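Remember, it's a predicted structure, so these values are computed and weren't measured experimentally.
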Amino acid sequence: MLEKQTNPFSQQLLSWFDTFGRHDLPWQQNINPYRVWVSEIMLQQTQVKTVIPFYEKFMQSFPALSDLARASQEEVLSHWAGLGYYARGRNLHKAAQLIMENHAGVFPGEFEEILALPGIGRSTAGAILAISLQQRFAILDGNVKRVLSRYFAIEGWPGEKIIENKMWLLAEELTPQQRFNDYTQAIMDLGATVCKRSKPNCEQCPVKSGCGAFKANQVSVYPFKKPKKDKPTKQAWLLINQNSQGEICLEQRPQKGIWGGLWSFPEFESYQACLDFLAQKNLLKFKAQTQSSEQNSLIEWKVLRHTFSHYHLDIHPVFFKQDVSLKLNENRAAYALDSEKASEKASVEAWYSLAAIKTGKVGVPAPVTKLLESLEKS
């Protein structure tokens, strides 16, 4: 175990943070558990520069926990659109409602109570308590894992449980008995601004004298990368259905699965399924087998690839301009790409103008935004 009295890591890091650390980030102002919590959730797997405008807009709309709890999920997700990992937004909203119900609207101050909230893990709970409630808890987010992996030259992928457990022990030992709130922000800052994933600025690092990777000239080796596995590719056909008034049909996706709770174009498992659906609704007349049809208003756009953490999704946009305003039928589960979606309750569907969608009141995923921009330019 490390000797707290003799280990210089924390002292060196805090001295560096006082001079070079970031102190003017939005969530570092008017610190309270709610503001820190929202920032920690947004910062999961997302860079600070990306988060800042989302955080500021979110706080303008939901300045207090009670405001977030009262909002509809649709309102919350519309503020999350473009930030990615949408389960974070759904869990944030659900947790706010649980805090109102079970904690009289006061953010809990006990570790186990915070950990019990949806979307909050050990590191996030520790960060909230350390930064906003002055309680000594260690953290181990992606930045901290990278710093520790290099400093101690830890062999093995940090996502492996045995390696992660080792890092938790080190994180606990390194967290000082005083100024642990500053230390928590300092070690995250070090990983984000100096000990970066690529092109780390080792010469500016306050702890380089004790860094095992630096001394061995092997900084690029650490942390060990996740064993490579080829990502599978899935296919989806999205129907961009525009009526004679220029409105677009969107459907709200199920809570589970990709883009949960957001609004997207109706989704099908194949191009043929799109054709069959339009023919069934008397929107497109053709013989399904020969495909001789009146398809002048049906256009296939270029495939758009969107990559998730575990797979690629090749999106096949199919644009259809209809002559009459007609809502889609309520039950389209047979054409769903996801088997999970097929078992869900029928999707909610509605028509929106491009102007209404652009206001941001309707939460749509990034690929849908790109396709709508292409439609507007065409």
Any sub-3.5 Å donor-acceptor pair from [X]'s side-chain atoms to [Y]'s backbone N or O?
X      : Y      : result
Arg88  : Met42  : yes
Asp18  : Ser15  : no
Glu173 : Leu169 : no

Going by heavy atoms in the side chains, are [X] and [Y] under 4.5 Å from each other?
X      : Y      : value
Asn143 : Ile187 : no
Met188 : Arg22  : no
Val147 : Phe9   : yes
His306 : Pro365 : no

Checklist entry - Should Glu373 and Lys370 count as an ion pair when the cut-off is N to O under 4.0 Å? => result no

State, without any angle test, whether [X] and [Y] hold a side-chain donor-acceptor pair at a distance under 3.5 Å.
X      : Y      : answer
Asp276 : Gln272 : yes
Gln252 : Glu74  : no
Glu75  : Ser61  : no

Checklist entry - What pair of heavy atoms forms the shortest contact from Tyr86 to Trp80, and how long is it? => result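 Smallest interatomic distance, heavy atoms only, reads CE2-O, 3.5 Å.
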
Next on the checklist: Please check if the number of heavy atoms outside Gln47 that lie under 6.0 Å from its CD is greater than 12.
Outcome noted: no

Checklist entry - Got a sec: does the CD of Glu101 have more than 12 other heavy atoms crowding it under 6.0 Å? => result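 Result for CD/Glu101: enclosed.
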
Checklist entry - Are Phe180 and Tyr183 close enough that their ring centres sit under 6.0 Å apart? => result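 Distance test on ring centres: not under 6.0 Å, no.
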
Item to check | Partner of Trp27 by ring pair (Phe, Tyr, Trp, His ring centres under 6.0 Å), out of Phe54, Trp37, Tyr55, Phe58 | outcome: Tyr55

Next on the checklist: Checking Tyr85 now: which residues fulfil ring-ring contact (aromatic ring centres under 6.0 Å, His included) with it, not counting sequence neighbours?
Outcome noted: none

